[in-house]
Amino acid sequence: MKKVKNICCIGAGYVGGPTMAVIARECPHIKVTVVDINAPRIEAWNDEDLTKLPVFEPGLDDIIKEARGRNLFFSTEVDKAIDEAEMIFISVNTPTKTYGKGKGMAADLKYIELCARQIARVSKTNKIVVEKSTLPVRTASAIKSILDNTGNDVQFEILSNPEFLAEGTAVTDLLNPDRVLIGGDNSTKEGVNAIQSLSDIYANWVPDSQILTTNVWSSELSKLTANAFLAQRVSSINAMSEICEQTGADVDEVAKAIGMDSRIGSKFLKASVGFGGSCFQKDILNLVYIAKSYGLEEVADYWEQVVIMNDYQKQRFSDNIVKTLYNTVSGKKITFLGWAFKKDTNDTRESAAIKVADSLLNEQAEIVVYDPKVVEERIYADLDYLGSRTPNENRNLLKTAKDAYKACTNSHGIAVLTEWDEFRTYDWERIYNDMQKPAFIFDGRGILNQSELERIGFVYYKIGSGIG
Ligand code: UDX
Ligand code: ADP
């Protein structure tokens, strides 16, 4: 069996970039080339100034510094990288379809198919093709069919190797994964060899006991299942958060009490304004679509409820702001602390902040957003994408601030949308003094010190316990 010396990764996004950087760091003997059709993105990956990397992840800059130019390369020359590689990772985006059959539900596989066709056209030697993107079950057979029918009579082995990293902790997740999952065809010699080649790469830094191999379909489905279970936990605790607010229970206390049951576990039980991110909603809708396509209506309904609950949580949060501010926010300044879908990332995909802002703008609120990592263009792009109002209207009603204190000056209410650590250590006395009174805080992440804020004079609402 030949050892892999050259890897190509198609797609230099949130998954492809950090994953390949870590592989290159841990395997100096392998040349890793990450390619993308998005030239500005590749330029940013190659920027000398490491603060300009297109993906912000703690620790990523050090890894790029070490490996880039040594055995890690970022390029737009897709054909060349495919041609040279023995193993090709596909890490392109698989967004929810916005058209045709399965619109709003199914994963759009056009980028995957384009990659497969390109690999088939270019390859002159045998290749191992690895699905890194999260894909519907049985996508591997579609990729295989395209490769075999349009290729140049070279042999392709398809593996599924879903990525479980979470944004904001990508580097530590990649360096110390709970498990690496490799799905392949272990009924043929070529399949077994391909699985072994990929296992050997991970074995450079991951203990054997954590490298799990399964058949391809189990691997594809495990990724969707993992995300569905994680999202379900968030929706479950968020559903409880409303009961807590009605009954005088505190959701953090409930989470702690149930989390100490080792069967339940304490992680992923933080009530919030709603989960975001590029994966949870997309993957559940995809799962719902798959269930429906097999006629499994009850299964589909069961999982769809996780997304319905999440939409409800976002709406409930903005409705509560309006209700608390005497049933009108028209012309009132509301400050958003945070726009990213979670802390330690500049990613805003499906962030709860977007929907909360949209609802409040419909009520003619004047919003000022402060986020330590998200740039202004991204915030406007997120809002414009919804199409609820014209770009001009969005820019008139919503402003961004580079300074949190300025963002809060004269505000009627502060809404915490992301759990950035720095929010905890602000001079809240100073913020209080510069706000309209009564000064309201709507803590959608339950991260601030309630008794301290109430002592200062704030009216403090926490998701999952209501107003003090
Ligand atoms: C997720 C999965 O965790 C990861 O394994 C998969 O590869 C991709 O999808 P990610 O979306 O990056 O990762 O972040 P994650 O930490 O899972 O958080 C998702 C959303 O859930 C965030 O908006 C987060 O704020 C929210 N969340 C998470 C909660 O509201 N409460 C929690 O207890 C945990
Ligand atoms: P993810 O979070 O899954 O990494 P991203 O959207 O961040 O998703 O990244 C996917 C990347 O894949 C994008 O930078 C996009 O330009 C790239 N891409 C999509 N299709 C192709 C293709 N056919 N060839 C090369 N790159 C592609």
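Worth saying up front: this structure is predicted, and the values here are computed from it rather than measured. Ligands are counted one by one from 1 in listed order, and the atoms in each one are counted from 1 as well.
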**Phe440 and Thr324: CA distance, side-chain angles, deciding distance, side-chain contact (heavy atoms from CB on, under 4.5 Å) verdict** = CA-CA 9 Å; Phe440 292 90; Thr324 309; 3.6 Å; yes
**Request:** Go through Phe423 and Tyr370 one step at a time and tell me if the side-chain contact (heavy atoms from CB on, under 4.5 Å) criterion holds.
**Result:** CA-CA 11 Å; Phe423 299 162; Tyr370 167 77; 4.0 Å; yes
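Annotation for Lys355: atom NZ does not count as buried by contact number, only 12 or fewer foreign heavy atoms lying within 6.0 Å. The environment of OH in Tyr426 is crowded: more than 12 heavy-atom neighbours from other residues, nucleotides or ligands sit within 6.0 Å.
By the criterion of a heavy-atom distance under 4.0 Å, neither the backbone nor the side chain of Arg233 is placed next to ligand 1. Residue Asp36 touches ligand 2 through backbone and side chain together, judged by heavy-atom distances below 4.0 Å.
Below 3.5 Å of separation, one finds an N or O of Arg349 facing an N or O of ligand 2. For ligand 2, one of its N or O atoms has an N or O atom of Val15 under 3.5 Å away. In terms of polar-atom proximity, defined here as any N/O pair under 3.5 Å, Asn38 makes no such contact with ligand 2. The shortest N or O to N or O distance between Tyr14 and ligand 2 is below 3.5 Å. Between Leu165 and ligand 1, at least one N/O pair is under 3.5 Å apart. Considering backbone and side-chain N/O atoms, Leu269 comes within less than 3.5 Å of an N/O atom of ligand 1.
Here the protein heavy atom with the shortest distance to atom 15 (P) of ligand 1 is Lys342 NZ, 3.6 Å. What sits closest to atom 5 (O) of ligand 1 on the protein, heavy atoms only, is Phe164 O, 2.7 Å. Nearest non-hydrogen protein atom to atom 30 (O) of ligand 1 is Ser272 OG, 2.6 Å. Closest protein heavy atom to atom 2 (C) of ligand 1: Asn227 OD1, 3.5 Å. The single protein non-hydrogen atom nearest to atom 9 (O) of ligand 2 is Gly13 CA, 3.3 Å, given as residue, atom name and distance. With respect to atom 3 (O) of ligand 1, the closest heavy atom belonging to the protein is Leu230 CD1, 3.7 Å. Remark: minimum distance from atom 22 (C) of ligand 2 to any protein heavy atom is reached at Ile37 CD1, 3.8 Å. In terms of protein heavy-atom proximity, atom 23 (N) of ligand 2 is closest to Cys115 SG, 3.8 Å. When hydrogens are left out, the protein atom nearest atom 18 (N) of ligand 2 is Val92 CG1, 3.6 Å; that is the closest non-hydrogen contact. Nearest to atom 1 (C) of ligand 1 among the protein's heavy atoms is Phe280 CE2, 3.5 Å. Closest to atom 12 (O) of ligand 2 among all protein heavy atoms lies Gly11 CA, 3.4 Å. Taking atom 27 (N) of ligand 1 as the reference point, the nearest protein heavy-atom neighbour is Val234 CG2, 3.9 Å.
Side-chain atoms of Glu242 and Tyr312 form a donor-acceptor pair, as typed in the model, at a separation below 3.5 Å. Side-chain atoms of Ser359 and Asn362 form no donor-acceptor pair, as typed in the model, at a separation below 3.5 Å.
At a threshold of 4.0 Å, the pair Lys223-Asp283 does not count as salt-bridged, since none of the basic side-chain nitrogens sits closer than that to a carboxylate oxygen. Between Lys132 and Glu163, at least one side-chain N (NZ, or NE/NH1/NH2) sits under 4.0 Å from a carboxylate O, which counts as a salt bridge. Note on Glu167 versus Arg349: salt bridge recorded, some NZ/NE/NH1/NH2 to OD/OE distance being below 4.0 Å. Under a 4.0 Å N-O distance rule, the pair Arg121/Asp79 qualifies as a salt bridge. In this structure, Lys323 does not pair ionically with Asp319, as no charged nitrogen and carboxylate oxygen lie closer than 4.0 Å.
Using a 4.0 angstrom heavy-atom cutoff, Lys343 does not count as in contact with ligand 1. Ser91 counts as a contact of ligand 2, since one of its heavy atoms falls under 4.0 Å from the ligand.
The backbone N or O of Phe341 lies less than 3.5 Å from no partner atom in the side chain of Asp347, so there is not a single donor-acceptor pair.
Under the side chain to side chain contact (heavy atoms under 4.5 Å, CB included) rule, Val180 has a single partner from Asn161, Leu174, Leu212, Ile201, which is Asn161. Of the candidates Phe280, Phe164, Trp303, Phe229 forms a ring pair (Phe, Tyr, Trp, His ring centres under 6.0 Å) with just one, namely Trp303. Phe89 pairs with exactly one of Val34, Ile23, Val32 by the side chain to side chain contact (heavy atoms under 4.5 Å, CB included) rule, that one being Ile23.
Across Phe341, Phe268, Phe275, heavy-atom proximity to atom 28 (C) of ligand 1 is greatest for Phe268. Among Arg445, Lys270, Gln313, the residue whose heavy atom sits closest to atom 31 (N) of ligand 1 is Lys270. Considering only non-hydrogen atoms, atom 9 (O) of ligand 1 lies nearest to Cys279 out of Gly276, Cys279, Gly444. Comparing Gln281, Lys223, Glu350, Glu167 by heavy-atom distance to atom 12 (O) of ligand 1, the nearest is Glu167.
Between Trp45 and Phe74, the ring-plane angle classifies as parallel under the 30° and 60° cut-offs.
Every atom of ligand 2 with a heavy atom of Ile10 under 4.0 Å away is listed here by number and element: 24 (N), 25 (C), 26 (N).
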